[in-house]
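Let me begin by presenting the structure, written as structure tokens, before commenting on it.
In what follows, chains carry the letters A, B, and so on, assigned in the order in which the sequence lines appear, proteins first and then strands, with residues in each chain numbered from 1.
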2 protein chains.
Amino acid sequence: MAKELRRAPGPPERPAPSGLDDLDRRLVALLAEDARAANATLAAELGVAPSTCLTRLRSLRERGVLRGFHADVDLARVGLPIQAMVSVRLAVHHRDRVAAFRAAAPGLPGVVAVYHVTGQVDYLLHVAVADPDALRDFVVDHVLSRPEVAHAETSLIFEHVRGTAVGPPG
Amino acid sequence: MAKELRRAPGPPERPAPSGLDDLDRRLVALLAEDARAANATLAAELGVAPSTCLTRLRSLRERGVLRGFHADVDLARVGLPIQAMVSVRLAVHHRDRVAAFRAAAPGLPGVVAVYHVTGQVDYLLHVAVADPDALRDFVVDHVLSRPEVAHAETSLIFEHVRGTAVGPPG
DNA sequence: GCTGAAAACTCTACATA
DNA sequence: TATGTAGAGTTTTCAGC
């Protein structure tokens, strides 16, 4: 679907392929690591004036490089000690049905993340629930009950840790 | 009256099962949605004094309920347009070997997240890379080359969206 | 544990180089 | 585009409840 072939006289949107300079990249890395860092702190670490830092931050938000800032919550400590990855295979691959599932999935109760993937399964649902019963209820009531779902398989998640892809200064 | 009878003779750690009151939970939800919200704003939304809000926030951090705050970065716009889920099955399930993989995985180049799961595979590695070559190199050089890895299978990720498990006020 | 007030600090707009 | 300045606003400590 993504036709980025000739980007030339086309859309008025910013085509900027990776129009990020070194300062932008370092700011993104700092915020990936600590999204609550004060602007003054960020500026000091980057070696620029706070006002410059602010301008950059705004620009990164506007360009969609930074989509938001979220707390990393220990789900077990907020009453959701059981996490699972539910692999979902859809039956009918009609656009509408896929779209319906895609639209509904992130809002299903307990869903932490949704991955639309290639391969044996179509979706991976990362869910967090209070107890085993809630897990079964989730799969039965919200996944298997959907007409477009052909099959679902549940794996428990022992551990889920963040990687370093964008986090650390690297 | 919640009976906190004797929490005593056990371990010195906080056993607090879900020792969060309503205020704590609402604060966690607000920060899950916008981790950069000012303390004064959070306090106003919670209907408490800023100093109270600050105390709660600190306490949640200290208790490990809030593990950190991270920017949600559009990986495609920072030069990592290809994402994949690499399913890894380990060969030898010796504690040491599993531990070695577990320790190394989050630091491998391009790793966004690591899931240790039950079922057909042992680990799911969510990775983001610059191009298909980098994906192949990742799998060959950093996964298949490890002696404890028996098998790896790669699925492309078309889309990855956050769920609503902890995000919204609910 | 919550609050209010006060000092220190930070954010942010704007004019300028 | 980056910077310095200045007014407004915020953070954070602390005594008192």
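In this structure, B:Q83 and B:H126 have side chains that are in contact, with non-hydrogen atoms separated by less than 4.5 Å. Proximity of B:D74 to A:R63: side-chain heavy atoms (C-beta onward) are nowhere separated by under 4.5 Å. Proximity of B:V73 to B:L80: side-chain heavy atoms (C-beta onward) are nowhere separated by under 4.5 Å.
Fit an axis to the five pairs at each end of the helix from C:dG1-D:dC17 to C:dA17-D:dT1 and the two axes sit 30° apart, to the nearest 10 degrees.
Atom CG of A:L57 is separated from atom P of D:dA2 by 13 Å (rounded to the nearest Å).
Nearest heavy-atom pair across B:L42 and B:C53 is CB-SG, 3.7 Å. Here the shortest heavy-atom pairing between A:V28 and A:L66 reads CG2-CD2, 4.3 Å. The minimum heavy-atom distance between B:L124 and B:S87, with the atom names listed, is CD2-OG, 3.5 Å.
Side-chain heavy-atom separations under 4.5 angstrom define the hydrophobic clusters, and the remaining members of the one that includes B:L135 are A:V161, B:I82, B:V86, B:V88, B:L90, B:V98, B:F101, B:L108, B:V111, B:V114, B:Y123, B:L125, B:V127, B:V129, B:F138, B:V139, B:V143, B:L144, B:V149, B:L156.
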query: Using a cut-off of 4.0 Å between protein heavy atoms and nucleotide atoms, how would you tag nucleotides 1-17 of chain C 5' to 3' with B, S and -?
result: SSBB------SBB----

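Using a 4.0 Å cut-off between a side-chain N of Lys or Arg and a carboxylate O of Asp or Glu, B:D24 and A:R77 do not qualify as a salt bridge.
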